[in-house]
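Read the structure below first, then the notes.
Note that the coordinates shown come from a computational prediction; the quantities given were computed from them, not determined experimentally.
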Amino acid sequence: MNSTDLSAAVAGALAKAGGDTVFGLPGGGNNLDLIAATEAVGMRFVLTHAETAAAIMASVYGDVSGRPTACVVTRGPGAASAVNGVANAMLDRQQLLMVTDVVSSADRRRVAHQRIDQRALYTPVVKWSATVGKGDTTGAVDHAIATAATYPRGPVHLDFDPTAESTPPPPRPSRPRPDPAAVARMPELVAAASRPVVLIGVGARDLAPQVRSLLAGSSAPVLMTYRAKGVVPDAWPCAAGLLSGATTEAPVLDAADLIVMIGVDSVELIPNAWPYPAPVVSLASWADTSTYFQRKLEVVGDLGELVTELAGHWPATAWEIDAGNRYRDAEAARLIAGPSATNGLAPQVVVQRTRAIAPAGTVATVDAGAHMLPVLSLWATAEVDEVLISSGLATMGYAVPAAIAAALARPDRRVVCFVGDGGLGMTLAELETMRRLGLPITIVVFNDSRLSLVAVKAKPERDGGDNATAYTETNFAAVASGYGLAATRVSTPHELDVAVRASFKRTGPTLLDVRVDPTVYAHVLEVIRGRRDALED
């Protein structure tokens, strides 16, 4: 099979499955044939500047749109560079088809240049790594797409080699069926509870209608992981805030006499100890092999059916109707009431004022770093995917490519990208991508010239001091202007308000270089995660 025919077969299978967008950075040859083939069947190709960013864009686009989405990169350095984005998709349970060019089997004895074992490289961070080539090409691609979309969702890797035989697909695993004895025990445990607390995780993202039906009118407090934020609207009186494994949720969980988990995966939580005495009932679409939680009962099966079954036994509770909101608002008040900023804006102020101005339904993308803590706590949401963050891998360099993907997947929404100076430094070139596509994105840079989360946790006498965490001051507004974005520097609340409002009136991207006071982060971490010497990454 030649490259053109193989490309047409791969593109046709992807389009037939509903794919409409491909991201990537080509290296020539087979890559260009595949890109041409995807465009020939009506798909859009988005050219990026870096392979990791391309993989993040593709996985976020697929997650938000629900469509199978591919990332195309070249062999060797291209394949190696994309691994971080693929690992992010794996740990965030996001579907992704990663297609890499490869030194062909016909040339392998002759060519050592750029030749690495790409399937071995990807195997630890994908659900399936295979070769697509001669033989049953469509079968291999169809299996890859189906595998990526099967719970728990995740990435699949395909080496593109027209001279090799396609890897035969393995048997598809059967859907897990719940243990009837476990299902029968669930009503007994639930009926005995008077103060249940509900925890919602990544596995429930597709089940907002069922979960809302279960909890509508219930006074049981609800905590949601970062990836599940919006399954229950923050405006509901039962919404108690975030579940992250930190200490901020302790008042709610300490008061529970039963903890009911719906789709919670321990990959989402920081690795603090689980100290809560209430028994745990876990309902999930896939088994969690971690021993993080000591579960009294775990039921694995069709989560929608399990939630419906649970609704038939849900108890009246002893909680006051707004108990969830009161817990959450008390924690938010503690977060906001920190020390006053003296050199720039407090990060909490930046989030609060931006949220107050942003239209309803605005999507926020959030990079890893100290700024993510006030963003996640203070950015109110009404639906799933109104906050996007790297949760399982918690990688920096996520928010900018995620913002591009979100703006393409949700063209009717505004997007705000919250990023630190460290994360922006990793993805600066994608500002050109954003500008080229004319996307309505407001980038809010928390600029304090340092890795603030690392700096707050560091012990200067042991951990290198400023040499390990401080950067030279950078004028990101000037850099963004060079890429053609509207950009301005911000250092006061009034300047922030004016700049945010102006950005929402533009059709293209805007960057706000916000000078923040990093000394405030010590208070933020104390409120959310507890004592500094007990903090985990």
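Remark: Glu39 engages no residue in a salt bridge (Lys or Arg N to Asp or Glu O under 4.0 Å) (not counting sequence neighbours). Qualifying salt bridge (Lys or Arg N to Asp or Glu O under 4.0 Å) partners for Asp517, counting only residues two or more places apart in sequence or in other chains: none. The salt bridge (Lys or Arg N to Asp or Glu O under 4.0 Å) search around Arg75 returns none, not counting sequence neighbours. Checked against salt bridge (Lys or Arg N to Asp or Glu O under 4.0 Å), Arg506 has no partners two or more places apart in sequence or in another chain.
A donor-acceptor contact shorter than 3.5 Å links the side chain of Arg212 to the backbone of Val231. In terms of modelled atom types and a separation under 3.5 Å, the side chain of Lys127 and the main chain of Thr150 share a donor-acceptor contact. Formation of a donor-acceptor pair under 3.5 Å by the Glu249 side chain with backbone atoms of Ser244 is found in this model. When atom types are taken as modelled, the side chain of Asp322 and the backbone of Asn325 share no donor-acceptor pair closer than 3.5 angstrom. In this structure, Asp33 contributes its side chain and Ser7 its backbone to no donor-acceptor pair below 3.5 Å.
Screening residues 390-401 for salt bridge (Lys or Arg N to Asp or Glu O under 4.0 Å), with sequence neighbours left out, gives no hits. Within the structure, no pair that satisfies the salt bridge (Lys or Arg N to Asp or Glu O under 4.0 Å) test touches residues 390-401, not counting sequence neighbours. Sorted by first and then second residue, the salt bridge (Lys or Arg N to Asp or Glu O under 4.0 Å) pairs involving residues 428-443 (not counting sequence neighbours) are Glu432-Arg436. Sorted by first and then second residue, the pairs that involve residues 330-341 and meet salt bridge (Lys or Arg N to Asp or Glu O under 4.0 Å), not counting sequence neighbours, are Glu331-Arg334. Sorted by first and then second residue, the ring-ring contact (aromatic ring centres under 6.0 Å, His included) pairs with a member in residues 337-386 read His371-Phe446, Trp379-Phe418; sequence neighbours excluded. Pairs of residues two or more places apart, or lying in two chains, that qualify as ring-ring contact (aromatic ring centres under 6.0 Å, His included) and include a residue from residues 42-68 are Phe23-Tyr61. Identified under the side-chain hydrogen bond (donor to acceptor under 3.5 Å, both in side chains) test for residues 344-358, with sequence neighbours left out: Arg353-Asp497.
With salt bridges taken as basic N to acidic carboxylate O contacts below 4.0 Å, one links Asp63 and Arg227. For Asp265 and Arg93, the salt-bridge test passes: some basic side-chain N is under 4.0 Å from an acidic carboxylate O.
In the model, Asp513 has a side-chain atom that pairs as donor or acceptor with a side-chain atom of Asn447 under 3.5 Å.
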Expected list for residues 80-91: side-chain donor-acceptor pairs under 3.5 angstrom, two or more places apart:
{"from": "Ser81", "atom 1": "OG", "to": "Glu51", "atom 2": "OE1", "distance (Å)": "3.0"}
{"from": "Asn84", "atom 1": "ND2", "to": "Thr395", "atom 2": "OG1", "distance (Å)": "3.1"}
{"from": "Asn88", "atom 1": "OD1", "to": "Ser390", "atom 2": "OG", "distance (Å)": "2.5"}

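The NZ atom of Lys229 sits 12.0 Å away from atom CG of Leu388, with the distance rounded to the nearest 0.5 Å.
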